[in-house]
Amino acid sequence: MTLKVIKPGLLSAFQDTGRHGFQHWGVPVGGVMDEAAHELCNLLVGNPRTFTTLEMTLQGPTLHFQAKALVGLAGADLGAVINGEPFKPGMSRIVPADSVLSFSKRVKGARAYLAVGGGFLLPAVMNSTSTHTRGGFGGLRGRTLQAGDLIPICSSFANPPRLAAWQEHGVEEGLEAPIRVMVGREWRFFSEQARRALLDSRYTLTPASDRMGYRLEGEALPLAMPCELLSESVAFGTVQVPPNGQPVILMADRQTTGGYPRIAQVASVDLPRLAQMLPGDTLRFSLIDLHSAQALLIKRAQGLKAMDPFNA
């Protein structure tokens with residue numbers, strides 16, 4: 001059973017929850033940008049939440065289903081249609097053989113996720129199918145989709161599972177709420193002016209933002225004194241400040257280590273909202289403590305678990 005790529009879209013690549021356990025070899029974790037949407041679309045078709053999904057950015061592909069399949073869609077609304085009928089995010093549908101999934105005008109958000117019942121049949125590289133385009137490995141031959149690609153999928157004739165209503169998702173929440181952060185390892189090295197600026201100012205995502213990192217533009221964040229650091233491991237959501245004072249948020253394809261001072265760390269629960277932002281969007285930060293960040297993440301996990309028919 002296969003899907004044929006008629007048009008590849010702007011940036012369509014396979015991702016899962018990441019390539020963990022290899023950072024000491026210099027291998028980035030990678031994986032999906034919006035883990036909440038990735039998990040949701042897998043649940044919509046009855047897959048485990050770790051199964052591979054197709055991450056589609058801004059402009060989705062055109063896919064020809066050469067066999068019957070169960071599909072789920074979540075994340076951004078990129079104007080999906082199946083055989084001319086609208087296919088909204090947060091839905092699953094049985095697609096007959098010889099059907100075409102295509103995308104038109106983007107409505108909101110940046111990244112949509114597509115799952116198929118049973119999963120995509122892709123080889124794992126270091127225990128993951130995530131595509132790392134800079135390294136040229138994972139996913140489908142280490143690259144984004146191209147016209148003419150044939151994508152093998154598992155046979156699945158299951159009906160869409162019955163799920164509880166989805167109450168919390170980054171795109172639905174809107175992008176105006178502050179991005180919640182905790183103090184970073186080098187918070188104390190920044191001036192009081194810099195700390196106030198981070199929490200009181202708005203920052204704009206620049207066109208230089210991508211899956212590796214979001215470069216922000218706004219009020220500069222000066223150090224209180226010169227700071228020499230050894231490179232240390234970094235995480236998804238680490239907010240580094242290079243010498244120009246303009247913060248950078250490290251994203252899914254971040255490097256394994258970094259030497260710039262870390263003023264803050266984005267709470268994991270807000271990473272999906274970041275993933276749905278576009279260059280030109282503005283954001284602001286608010287400060288929370290570790291306990292609050294953990295409680296928010298647990299609440300989201302409990303919501304997903306409650307929807308999972310296999311946990312009923």
Q. Looking only at atom types and distance, does a side-chain atom of Asn83 sit under 3.5 Å from a main-chain N or O of Val100, one as donor and one as acceptor?
A. yes
Q: Can you run down the salt bridge (Lys or Arg N to Asp or Glu O under 4.0 Å) pairs that involve residues 198-209, sequence neighbours left out, and say none if there aren't any?
A: Glu176-Arg202
Q | For Phe189, ring pair (Phe, Tyr, Trp, His ring centres under 6.0 Å) partners two or more places apart | A | none
Q: Would you mind reporting whether Pro272 and Arg300 have side-chain heavy atoms less than 4.5 Å apart?
A: yes
(Q) Are the side chains of Val5 and Gln146 in contact, using a 4.5 Å heavy-atom criterion? (A) no
Q: Keeping the roles fixed (side chain from Thr129, backbone from Ala124), state whether a donor-acceptor pair exists under 3.5 Å.
A: no
Q. Out of curiosity, Gln294 CD to Asp289 CG, how far, rounded to the nearest 0.5 Å?
A. 9.0 Å
Q: To the nearest 0.5 Å, tell me how far Ile151 CD1 sits from Asp149 CG.
A: 6.5 Å
Q.
Quick check against the 3.5 Å criterion: does Arg141 have a side-chain atom that pairs as donor or acceptor with the backbone of Gly138?
A. no
(Q) I'd like to know if Phe236 and Tyr214 are part of one continuous hydrophobic network [Ile/Leu/Val/Met/Phe/Trp/Tyr, side-chain heavy atoms within less than 4.5 Å]. (A) yes
**Q.** Stepwise side-chain contact (heavy atoms from CB on, under 4.5 Å) test for Glu186 and Val241
**A.** CA-CA 10 Å; Glu186 286 75 51; Val241 183; over 6 Å; no
Q: Measure up the Tyr113 and His38 rings against each other and bin them: parallel (under 30°), tilted (30 to 60°), perpendicular (over 60°).
A: perpendicular
(Q) Distance check, rounded to the nearest 0.5 Å: Asp77 atom CG versus Lys88 atom NZ? (A) 4.0 Å
(Q) I need the Phe120 CZ to Ile153 CD1 distance, nearest 0.5 Å. (A) 7.5 Å
**Q.** Thr53 backbone acceptor or donor facing Gln15 side chain under 3.5 Å
**A.** no
**Q.** Within-4.5 Å side-chain heavy-atom neighbours: Thr238 and Arg254
**A.** no
(Q) I want to check something: taking the side chain as every heavy atom from C-beta on, are Met56 and Leu114 in contact at a cut-off of under 4.5 Å? (A) yes
Q: Taking the side chain as every heavy atom from C-beta outward, state whether Val266 and Val239 have any pair of such atoms under 4.5 Å apart.
A: yes
Q) Is Leu205 reachable from Val181 through a run of I, L, V, M, F, W or Y residues, each pair having side-chain heavy atoms under 4.5 Å apart? A) yes
Q. So do the side chains of Val81 and Phe87 get within less than 4.5 Å of each other, counting heavy atoms only?
A. no
**Q.** Met277-Val32 co-clustered via ILVMFWY side chain contacts under 4.5 Å
**A.** yes
Q. So, Arg211 side chain and Gly30 main chain: donor-acceptor pair closer than 3.5 Å or not?
A. no
Q.
I'd like to know whether Ile263 forms a side-chain contact (heavy atoms from CB on, under 4.5 Å) with Phe285, so could you lay out the CA-CA distance, the side-chain angles of the two residues, the decisive distance to 0.1 Å, and finally the verdict.
A. CA-CA 12 Å; Ile263 192 171; Phe285 297 100; over 6 Å; no
Q: Dump the intermediate steps for side chain to side chain donor-acceptor pair (under 3.5 Å) on Thr206 and Glu217, then the final yes or no.
A: CA-CA 7 Å; Thr206 73; Glu217 188 175 71; over 6 Å; no
Q: Verify side-chain contact (heavy atoms from CB on, under 4.5 Å) between Thr52 and Leu122, making sure each step is shown before the conclusion.
A: CA-CA 9 Å; Thr52 305; Leu122 299 168; 4.0 Å; yes
Q. Are the side chain of Asn42 and the backbone of Val45 linked by a donor-acceptor contact shorter than 3.5 Å?
A. no
Q) Is there a donor-acceptor contact under 3.5 Å from the side chain of Gln276 to the main chain of Ala110? A) yes
Q) When rounded to the nearest 0.5 angstrom, what is the spacing between CD in Glu85 and CG in Leu101? A) 12.5 Å
(Q) How about CZ on Arg215, more than 12 heavy atoms from neighbouring residues, nucleotides or ligands closer than 6.0 Å, or not? (A) no
Q: For the residue pair Lys7 and Gln59, establish whether any side-chain heavy-atom pair is separated by less than 4.5 Å.
A: no
Q: Give a yes or no on whether Leu199 and Ile179 share a hydrophobic cluster (residues Ile, Leu, Val, Met, Phe, Trp, Tyr; joining criterion: side-chain heavy atoms under 4.5 Å apart).
A: yes
Q | Arg195 side chain vs Leu198 backbone, donor-acceptor pair below 3.5 Å | A | no
**Q.** Exceeds 12 heavy-atom contacts within 6.0 angstrom, atom NE2 of His24
**A.** yes
(Q) Tell me if a side-chain donor or acceptor on Glu55 pairs with a main-chain N or O of Ser12 at a distance below 3.5 Å. (A) no
Q: Determine yes or no for a side-chain-to-main-chain donor-acceptor pair under 3.5 angstrom, with Thr57 supplying the side chain and Arg111 the backbone.
A: no
Q. Mind checking whether Phe14 and Leu145 have side chains closer than 4.5 Å, heavy atoms only?
A. yes
Q. How far apart are the C-alpha atoms of Asn127 and His20, what are their side-chain angles, what is the distance that settles it, and do they pass the side-chain contact (heavy atoms from CB on, under 4.5 Å) test?
A. CA-CA 8 Å; Asn127 304 329; His20 298 276; over 6 Å; no
